[in-house]
J.: 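Handing you this structure, nothing more for now.
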Amino acid sequence: MKLSKQLFVTLREAPADAEVASHALMLRAGFLQQVAAGIYVYAPMLWRVLQRIEGIVRDEHDRADCQEMLMPAIQPRDLWEESGRWDRYVSEGILFHFKERKGGEVCLGPTHEEVITNYVKASVQSYKQLPVTLYQIQTKFRDEIRPRFGLMRGREFIMKDAYSFDTSEEAMVESYKTMRQVYRNIFTRCGLRFTPVEADSGAIGGSGSEEFMVDADTGEDAIAVCRATGYAANLEKAKSRIPAPAACGEVLAMHKEPTPGATTCDALLEMFPELPMTRLLKTILYHVSYDVDTLAARDGVEASTVATEGVVAVMCRGDRELNETKLTNHLCALKVELASEDEVKAATGADVGYAGPIGLSADVRLFADESVNGVEGFLCGGNETDTHYLDVHFGRDLDQPETADFGTVQAGDLVVEAGTGDVPADAAIEITRGIEVGHIFQLGTKYSESMSASFLDVDQKQKPIWMGCYGIGVSRVAASAIEQNHDDAGMIWPLEIAPYACLMVQMKVGDEAQDALCQKIHDELTAAGVDVLWDERKKVRPGAKFKDADLIGIPLRIVVGRDAADDQVEWSPRVGGDDAKEVITSADAIERVVTACRDAGRR
RNA sequence: CGGGGUGUGGCUCAGCUUGGUAGAGCGCUGCGUUCGGGACGCAGAGGUCGAAGGUUCGAAUCCUUUCACCCCGACCA
């Protein structure tokens, strides 16, 4: 492909509003144009990358006997009412939805569990048709609260979503394991360094789930990893062994103390320097929006008797942090958010900063994170402005509230199994960051039951189909690849997903020897099935060609210049700098390119 | 949703405080000299100054409203 035939525009400076490398470089290199917040044109060069990624995704899915299909982007509200997710998605504000001419309501699909379940329900009658896994690659629409970082979090993005259908839980787990391996293969082939982590399943629902995190400091997710044990989990989900609290010492009677202005743990610590942070219990109030149907089903009561909103108070040790995801799950909530100032005043009778478990308003449910277990003689809010209680004991001064894991793992925490079996006693957790490029779920029968997708089993019984679902952010994979592979000069594409395998830079266009040699190399590479981009722009000087070459980051490079008459070219790969450069014959160069492509599995 | 910031040729920005009818660099077009790491000279093209309204003889500049985009926060009891 001749570069002069293409629409190819690069910028010397990146547009001002690009924060991360992948976004800035894609804009500079003309891969991307922003149309609105989180909505982009995928320019030709980027489209080639996306198609390469899609090719790998298809190849790995097809090898695992998955079938590709395509579902509609527009979905009717009815389908979402069947699964019970319409209200949740609308209340979270991420659903693009609008009225039809006839008055019905539709949405732009943010995901496709409803459509696929509806399809399979109509198509599958018998256990003989299962298992089966279907997938599609398609544009998804989500009106993100805060789109950002270019392709990293868009409102419209390319996603591969797959769905498995099985006759039993065990079979579902088998399908899930197969897909886990498919995902490992895909991300490995895309040249990414990644970590699979245990994850929260969020709005999708279901039991087990894992995310595939590309290791990158610019990632939006925090993950807890332990090198010693291989444990890895999204911070939303991670568990650790909570360090023991400091002992109480002398047991004193509970008493109130004036604590003017002390609304934070640090301020209280200054006031009571002898008190360790672990004997300071904070009480945090949340406004909760309940998932009424799920909650009613869990508790076995009528949905109409369940409150939709409420305020809860959660206790937590001073040195630990709460985890809103865990809280949300435990409460069967749609979402939890910090209570407003007015709500805090109504619940505690005090200004913000003095909430405690004793004397809370009766309509506020009280919970505690398990970090409070074993804490004695603690300090807590007095539910009275400028006042805290000291020397409080659960069991003596108040009952310990319902306690569960609501805490956030901290760097340095020990893994839960530390010191047991072969696990070292000092197996600690560190916190790193990652970009979520894939997420796999064991859905169970959540959708098949709500949408009555069943099959007739060998035993003559109708049973709900066991489902799994599996997503990859294709456009996000492209961005992640740049985050992981770039330098000051530009992108460095992994060979298998590079827009072209090879860039041939011609120094002097119109020079007979160079023209002829370039044509020969171009033709031979093309015949060998290698896509080569030939920079034969006439009025662009060598320096600019080199800058552009570095910017667009095609990994294999051949420079055809002054030694062309002697059949000599410069081998000049994107990485390695001057050390990697060599003058070799054109035949050797071709051989190297073909070999590299074959070794990388680039087809 | 709350807070902060920014909107001036394709890109990066100046001009605004103190109103007088729009500039620079890059990029683009033509000509010439150059030609292995973003050359130089000369001559050009290109802008409803985000939008609407107001004040004024006169608004990029002052006032009001509005829209868009970016960033931070959803972590405080």
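Below, chains carry the letters A, B, ... as their sequence lines are ordered, and counting in each starts from 1.
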J.: Consider the side chain of A:Ala544, meaning its heavy atoms from C-beta on, and name the nucleotide among B:rG38, B:rG37, B:rC71 that approaches it most closely.
T.: B:rG38

J.: Would you call A:Arg557 and A:Asp550 a salt bridge, taking side-chain N to carboxylate O under 4.0 Å as the test?
T.: yes

J.: Output the rounded distance in Å from CE (A:Met152) to P (B:rC70).
T.: 15 Å

J.: Take the protein atom CZ of A:Arg146 and the nucleotide atom P of B:rC70, then report the distance between them rounded to whole Å.
T.: 9 Å

J.: Assign A:Gly381 to base, sugar-phosphate, or nothing according to its heavy-atom contacts below 4.0 angstrom with the strands shown.
T.: nothing

J.: Grab the CZ-C1' distance between A:Arg574 and B:rG37 for me, whole Å please.
T.: 13 Å

J.: Could you tell me how far B:rU34 sits from B:rG41 if I compare only their C1' atoms? Round to whole Å.
T.: 11 Å

J.: What integer distance in Å separates A:Arg153:CZ from B:rC71:P?
T.: 12 Å

J.: Counting only Watson-Crick or G-U wobble pairs whose two distances fall under 3.5 Å, which nucleotide matches B:rU48?
T.: none

J.: Any strand is fair game: report the nucleotide pairing with B:rC40 by Watson-Crick or G-U wobble, both distances under 3.5 Å, or none.
T.: B:rG32

J.: I want to verify a distance call: between B:rG37, B:rA77, B:rC69, whose nearest atom is closest to the A:Lys581 side chain?
T.: B:rG37

J.: I'd like to know if A:Arg279 pairs up with A:Glu376 as an ion pair, taking the criterion as any Lys NZ or Arg NE/NH1/NH2 lying under 4.0 Å from an Asp or Glu carboxylate oxygen.
T.: no

J.: If you check the A:Pro542 side chain, which of B:rA77, B:rU12, B:rC35 turns out closest?
T.: B:rC35

J.: NA contact type, A:Asp351, heavy-atom cut-off 4.0 Å: base, sugar-phosphate, or nothing?
T.: nothing

J.: Check every atom of B:rG25, B:rG36, B:rC71 against the side chain of A:Phe546 and return the nucleotide holding the closest atom.
T.: B:rG36

J.: Expressed in whole Å, how much space separates the P atoms belonging to B:rG10 and B:rG5?
T.: 27 Å

J.: What is the distance from NZ of A:Lys538 to P of B:rU34, rounded to the nearest Å?
T.: 18 Å

J.: Which nucleotide in the set B:rA77, B:rC71, B:rC75 lies at the smallest distance from any side-chain heavy atom of A:Glu324?
T.: B:rC75

J.: Does B:rU56 pair with anything, Watson-Crick or G-U wobble, both distances under 3.5 Å, and if so, with which nucleotide?
T.: none

J.: For A:Asn234 and A:Asp200, test the side chains for any donor-to-acceptor distance below 3.5 angstrom and give the result as yes or no.
T.: no

J.: Could you tell me the separation between the CG atom of A:Leu281 and the C1' atom of B:rA77, rounded to a whole number of Å?
T.: 13 Å

J.: Nearest heavy atom decides the nucleotide; on that basis, is A:Val9 or A:Gly353 closer to the 5' end of RNA chain B?
T.: A:Val9

J.: Under 3.5 Å, is there an N or O donor on one side and an acceptor on the other linking the side chain of A:Arg28 and the base of B:rG10?
T.: no

J.: Using atom C1' of each nucleotide, how far apart are B:rA24 and B:rA14 to the nearest Å?
T.: 7 Å

J.: Taking for each residue the nucleotide of RNA chain B with the nearest heavy atom, is it A:Glu570 or A:Thr263 whose nucleotide lies nearer the 5' end?
T.: A:Glu570

J.: Whole-Å distance between B:rA74 P and A:Ile94 CD1?
T.: 19 Å

J.: With a cut-off of less than 4.0 Å, is there a side-chain N or O of A:Arg541 near OP1 or OP2 of B:rA39?
T.: yes

J.: Tell me which nucleotide among B:rC69, B:rG36, B:rC11 gets nearest to the side chain of A:Ala37.
T.: B:rC69

J.: Hey, are A:Lys520 and A:Asp515 close enough for a salt bridge, meaning a charged N less than 4.0 Å from a carboxylate O?
T.: no

J.: Only pairs with both distances under 3.5 Å count, Watson-Crick or wobble alike; so what is the partner of B:rG2 in this structure?
T.: B:rC72

J.: Report the nucleotide, chosen from B:rC71, B:rG37, B:rG38, that has the shortest atom-to-atom distance to any side-chain atom of A:Asp550.
T.: B:rG37

J.: Mind checking A:Ala339 for me? I need base, sugar-phosphate or nothing, with any heavy atom below 4.0 Å counting as a touch.
T.: base

J.: Keeping A:Gln514 on the side-chain end and A:Lys508 on the backbone end, is there a donor-acceptor pair under 3.5 Å?
T.: yes

J.: A:Asp17 side chain: which of B:rC1, B:rC70, B:rG37 is closest?
T.: B:rC70

J.: I want to check one thing: is the phosphate of B:rC70, taken as OP1 and OP2, less than 4.0 Å away from some side-chain N or O of A:Gln34?
T.: yes

J.: Over all strands shown, is A:Thr264 touching base, sugar-phosphate only, or nothing at heavy-atom distances under 4.0 angstrom?
T.: sugar-phosphate

J.: Rounded to whole angstrom, note down the C1' distance from B:rA74 over to B:rG3.
T.: 11 Å

J.: Where does the angle between the aromatic ring planes of A:Phe378 and A:Phe394 fall among parallel (under 30°), tilted (30 to 60°) and perpendicular (over 60°)?
T.: tilted

J.: Take atom P in B:rC26 and the same atom in B:rC40, then report the distance between them in whole Å.
T.: 7 Å

J.: Using atom CD of A:Glu144 as one end and atom C1' of B:rA74 as the other, report the distance to the nearest whole Å.
T.: 15 Å

J.: With respect to the phosphate group of B:rG27, does any side-chain polar atom (N or O) of A:Arg12 fall under 4.0 Å of OP1 or OP2?
T.: yes

J.: Going by an N to O cut-off under 4.0 Å, is there a salt bridge joining A:Glu144 and A:Arg153?
T.: yes

J.: Taking the C1' atom of each, how far is B:rG46 from B:rA52, in whole Å?
T.: 26 Å

J.: Is A:Lys335 salt-bridged to A:Glu324, going by a charged N under 4.0 Å from an acidic O?
T.: no

J.: Parallel, tilted or perpendicular: which one describes the rings of A:Trp534 and A:His522, with boundaries at 30° and 60°?
T.: tilted

J.: Looking only at the side chain of A:Cys265 (C-beta and beyond, no hydrogens), which of the listed nucleotides B:rG36, B:rC71, B:rA77 gets closest?
T.: B:rA77

J.: Base, sugar-phosphate alone, or nothing: which one does A:Ile145 contact when heavy atoms must sit under 4.0 Å apart?
T.: base

J.: Would you mind telling me which of B:rC71, B:rG36, B:rG37 lies closest to the side-chain atoms of A:Arg557?
T.: B:rG37

J.: Distance between the C1' atoms of B:rC71 and B:rU61, in whole angstroms?
T.: 26 Å

J.: Using the C1' atom on both, measure B:rU56 against B:rC63 and round to a whole Å.
T.: 12 Å

J.: Could you identify the nucleotide paired to B:rA22, looking across every strand shown and requiring Watson-Crick or G-U wobble geometry with both distances under 3.5 Å?
T.: none

